[in-house]
Protein chains: 2
Amino acid sequence: MARTPQPTDAELRLLKVLWERGGSTARAVLEALPARRKVGYTTVLKILQVMEEKGLVSVDRGARSHVYSPRAGRGPTMRRLVADFVQRTFDGATDEMLVHLVDGRALDDAALNELEARVAALRGREEDR
Amino acid sequence: MARTPQPTDAELRLLKVLWERGGSTARAVLEALPARRKVGYTTVLKILQVMEEKGLVSVDRGARSHVYSPRAGRGPTMRRLVADFVQRTFDGATDEMLVHLVDGRALDDAALNELEARVAALRGREEDR
DNA sequence: CATGACGTACGATAGGTGTCGTACGTTGGA
DNA sequence: TCCAACGTACGACACCTATCGTACGTCATG
C-alpha cells in the first residue's frame, strides 16, 4: 500500500498552523498565516481539501465551518521530509548532509550543547553492541 | 539581479555526474547515470539544454558532440540546497533540523568524530567573541 | 556516393502545484 | 422576512517538471 504522500510546500505551511493551533477552520488557518504569506481564502480552503483527499488531515463537518486537524504529528512528518531530502540530495549520505549543515552556520551555545549531548548518546548506544 | 536558480531533482542527478566526471557529452552523462535511473537520450539532452539556459552549466560547442560542464561547484550548490530546505521546512531553524537529522539515524564512529570536531571548532569561534 | 548511426533542436505531453474566480447554499440580525 | 456576510464546492488557469518523439543535419565507411 502506498504511504500517505509528503506534504508540498504550501501544504506544509498550513500544517504548521494546524500543529500550532490544533484543529482549525479554514478562516482561522488563513488568519494565522505569517503576514508575508498572505493568500486568498479559497486558496487555503482548496489546499485543506486536497490535503484531506491525500489523507494528510482529517475534517469534522459537524459545524457549518469545517474543522481540519492534522493526521500525522509534526515530528514524524518532519523526519520523513528530512529523510527524503537526504536521499534525493545526498543519495542517503547523512554524514555529508551534517557537515554541510554545521559548517559556516550560526548555532548558539544551547544548540551546540544539545547537539553534543545527542552525539554522545548515539556513541553510547553504538558501544553497547 | 536574480541569482542562478536551484537545480531541480533531475538536474541535480545530471550535475552529480558532471561533478564526478568533469565536462561530458550528453551520451557520456546518460551512460554514467545510475542503473536505476535510466532514461532516454533526448531526455538527458533536453535537461542539459535547459540547464544551460538557466546558467547551471556551460557548453562547449566546438566539437560535433557538445561538451557540458558544471558552472558552480558541488559544495556551494549543496550548501544552497540545504539552506533552502532548512528555510522552507524549518523556517530557518538549523538547530531543529540537526536534531531530526542526528536522531534515530545510523552514523558510524567516523561520522560522529567528524561531527564532534566541527562542533568543537564552532564553539571555539564563538568563544573568541 | 548513398546510407545508417549519431547528434541536435524543438515541440508535445502528462502530471503536479499554487492560486483564484464563480456559483451556490445557509444563517443571523436589521 | 429577507439580504448581506460567510461558508463550501468545483473548475480554471498559468507555471513547472520530467519525459519523450520527430524532424533534420552530418559524417564516416562500404
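A, B, ... follow the sequence lines: proteins, then strands. Residue 1 opens every chain.
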May I have the distance from B/E52 (atom CD) to C/dA9 (atom P), rounded to whole angstrom?
9 Å

Could you please name the option among C/dA9, C/dG7, D/dT8 that lies closest to any side-chain atom of A/Q49?
D/dT8

Value in whole Å for how far the P atom of D/dC16 lies from CG of B/D9
16 Å

Find the distance B/K46:NZ to D/dT19:P and express it as a whole number of Å.
13 Å

If every non-hydrogen atom of A/V57 is compared with every non-hydrogen atom of A/L15, which pair is closest and at what distance?
CG1-CD2, 3.9 Å

Closest non-hydrogen contact found for A/R80 with A/Q6 is O-NE2, 3.2 Å

Would you indicate which nucleotide in D/dG25, D/dA9, C/dT27 comes nearest to any side-chain atom of B/R64?
D/dG25

Can you measure A/R27 atom CZ to D/dT8 atom C1' for me and round it to whole angstrom units?
12 Å

How many Å lie between CG on B/L33 and C1' on D/dA18, as a whole number?
13 Å

Quick check: on DNA chain C, is the nucleotide nearest A/V39 upstream (toward 5') of the one nearest A/Q6, or the reverse? Name the residue that is more 5'.
A/Q6

Here's a test of your reading of the structure: between B/K54 and B/Y41, which maps to the more 5' nucleotide of DNA chain D?
B/K54

Value in whole Å for how far the P atom of D/dC6 lies from CD of A/E31
10 Å

Does a donor on one side chain and an acceptor on the other come within less than 3.5 Å for A/T77 and A/R74?
no

Looking only at side-chain atoms of A/S65, point me to the closest of D/dG7, D/dC20, C/dT19.
D/dG7

Residue-phosphate contact under 4.0 Å: A/T43 side-chain N/O, C/dC20 OP1/OP2:
yes

Contact between B/R61 and B/V67 at the side-chain level, heavy atoms closer than 4.5 Å - yes or no?
no

Quick note, B/L45 side chain, CB onward, closest among C/dG7, C/dT8, D/dA9 is C/dT8

A/I47 CD1 - C/dC20 C1' separation (whole Å)
11 Å

With sugar-phosphate meaning primed atoms plus P, OP1 and OP2, does B/T8 contact a base, only sugar-phosphate, or nothing at under 4.0 Å between heavy atoms?
sugar-phosphate

How long is the line joining CG of B/L12 and C1' of D/dA18, in whole Å?
14 Å

Any side-chain heavy atom of B/E52 sitting closer than 4.5 Å to one from B/L56?
no

Just N and O in the side chain of B/R61: are any of them under 4.0 Å from OP1 or OP2 of C/dA9?
yes

